[in-house]
Amino acid sequence: MAEGGSAPAVAEGGGALRAYRALLGAQARSQAAYRTSFVMDLVGNVGATVFDVVTVLVIFGVTRDLGGFTLRETLVVVGLSSCGFATADLLVGNIERLPRYVRTGLFDAVLVRPLGALPQLLLMDLPLRKLSRAVFGLAVLLFALGSAGIDWTPGRVALAVVAPLAAVVFFASVFVLTATVSFYWVDSGELANSVTYGGRDFTSYPVTVYGGWFRALFAYGMGFAFVSYHPALALLGRADPLGLPPWAGWAAPGVAVVAATSAALAWRVGVRHYRSTGS
């Protein structure tokens, strides 16, 4: 009886996976059809991440430390931030199109298909051209970790693997959370960008360079300090100048799980709130 009941579910799950693979394959083929244009897009998209690194180098051209951190230490912060954000932007960033889908009614077509709405949106226009950003962000992180003089232990090796993955999950959750605002306020794009891209810029520097309510809100109220700053402290073996205990550097996975759970709940509530075009 149990076997007979599970077969349709297994078949349905297999069919969904095949459909998602077909969507992904179609996107890859369409974007790679014009190879010269695709290669130029790959090269051009590195610019945003390169600019983050160049900005830090320019700053250290006129100062010897930034918020109490040396260039090599700051590059660890930049590497964690760039790798996490660029990868999340590749995988989830096109959720920013949701306001247009809601405004034009395209989201209605997404909902009537027998597939999950969020995976469809992510695969409908997966920006493979952004792959170069993710690769460059990873390269920056590897260079920073290799040149920072880290005293490697098994725990720090594990953190060097887990922290970037947690950053990807955190930024992806921020993308989804801010996109869900469009279910209630269609013209919310600028607000969403201020949080997503503002969060990227915030995490590219040690939080010690910020102060007052701004640092309290972004670093700890919204959790951005646990994307790159605290994991960098743990990897470098440095005490937190702001006084948080050493375990804060290992809290990134937990913060990422909280962010992902919040994003999933917000998405479900937002979809239920959606009442089609004109509502």
Run the salt bridge (charged side-chain N to carboxylate O under 4.0 Å, His left out) test against Arg97 and tell me which residues pass, sequence neighbours left out.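 If we apply the salt bridge (charged side-chain N to carboxylate O under 4.0 Å, His left out) test to Arg97, skipping adjacent residues, the hits are Asp125.
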Listed by chain and number, what are the salt bridge (charged side-chain N to carboxylate O under 4.0 Å, His left out) partners of Glu73, not counting sequence neighbours?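 Per chain and number, Glu73 pairs via salt bridge (charged side-chain N to carboxylate O under 4.0 Å, His left out) with Arg238.
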For Ala167, enumerate each residue passing the side-chain contact (heavy atoms from CB on, under 4.5 Å) test, keeping only those at least two apart in sequence or located in another chain.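 Ala167 satisfies side-chain contact (heavy atoms from CB on, under 4.5 Å) with Val227 only.
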Partner residues of Leu242 under the side-chain contact (heavy atoms from CB on, under 4.5 Å) criterion, sequence neighbours left out: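 side-chain contact (heavy atoms from CB on, under 4.5 Å) check on Leu242 returns Val207, Thr208, Arg215, Tyr220, Tyr229, Asp240.
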Any ring pair (Phe, Tyr, Trp, His ring centres under 6.0 Å) involving residues 114-173? Give me the pairs, sequence neighbours left out, ordered by first then second residue.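 Every ring pair (Phe, Tyr, Trp, His ring centres under 6.0 Å) pair that includes a residue of residues 114-173, provided the two are not neighbours, is Phe85-Phe171, Phe170-Phe224.
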Going by ring pair (Phe, Tyr, Trp, His ring centres under 6.0 Å), name the pairs with one or both residues in residues 250-269, residues two or more places apart or in two chains.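 Listed once each, the pairs are Phe183-Trp267.
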Which salt bridge (charged side-chain N to carboxylate O under 4.0 Å, His left out) pairs, counting each pair once, include a residue from [range], with sequence neighbours left out?
range	answer
residues 260-273	none
residues 148-174	none
residues 201-210	none

Pairs satisfying side-chain hydrogen bond (donor to acceptor under 3.5 Å, both in side chains), at least one member in residues 82-94, at least two apart: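 For residues 82-94, and leaving out neighbouring residues, the side-chain hydrogen bond (donor to acceptor under 3.5 Å, both in side chains) pairs sorted by first residue read Asp89-Lys130, Asp89-Arg133.
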Scan for side-chain hydrogen bond (donor to acceptor under 3.5 Å, both in side chains) pairs involving residues 57-66, sequence neighbours excluded, and state none if there are none.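 Qualifying pairs: none.
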Mind checking what makes ring-ring contact (aromatic ring centres under 6.0 Å, His included) contact with Tyr210, not counting sequence neighbours?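 With sequence neighbours excluded, Tyr210 shows a ring-ring contact (aromatic ring centres under 6.0 Å, His included) to Phe202, Phe214, given in chain and number order.
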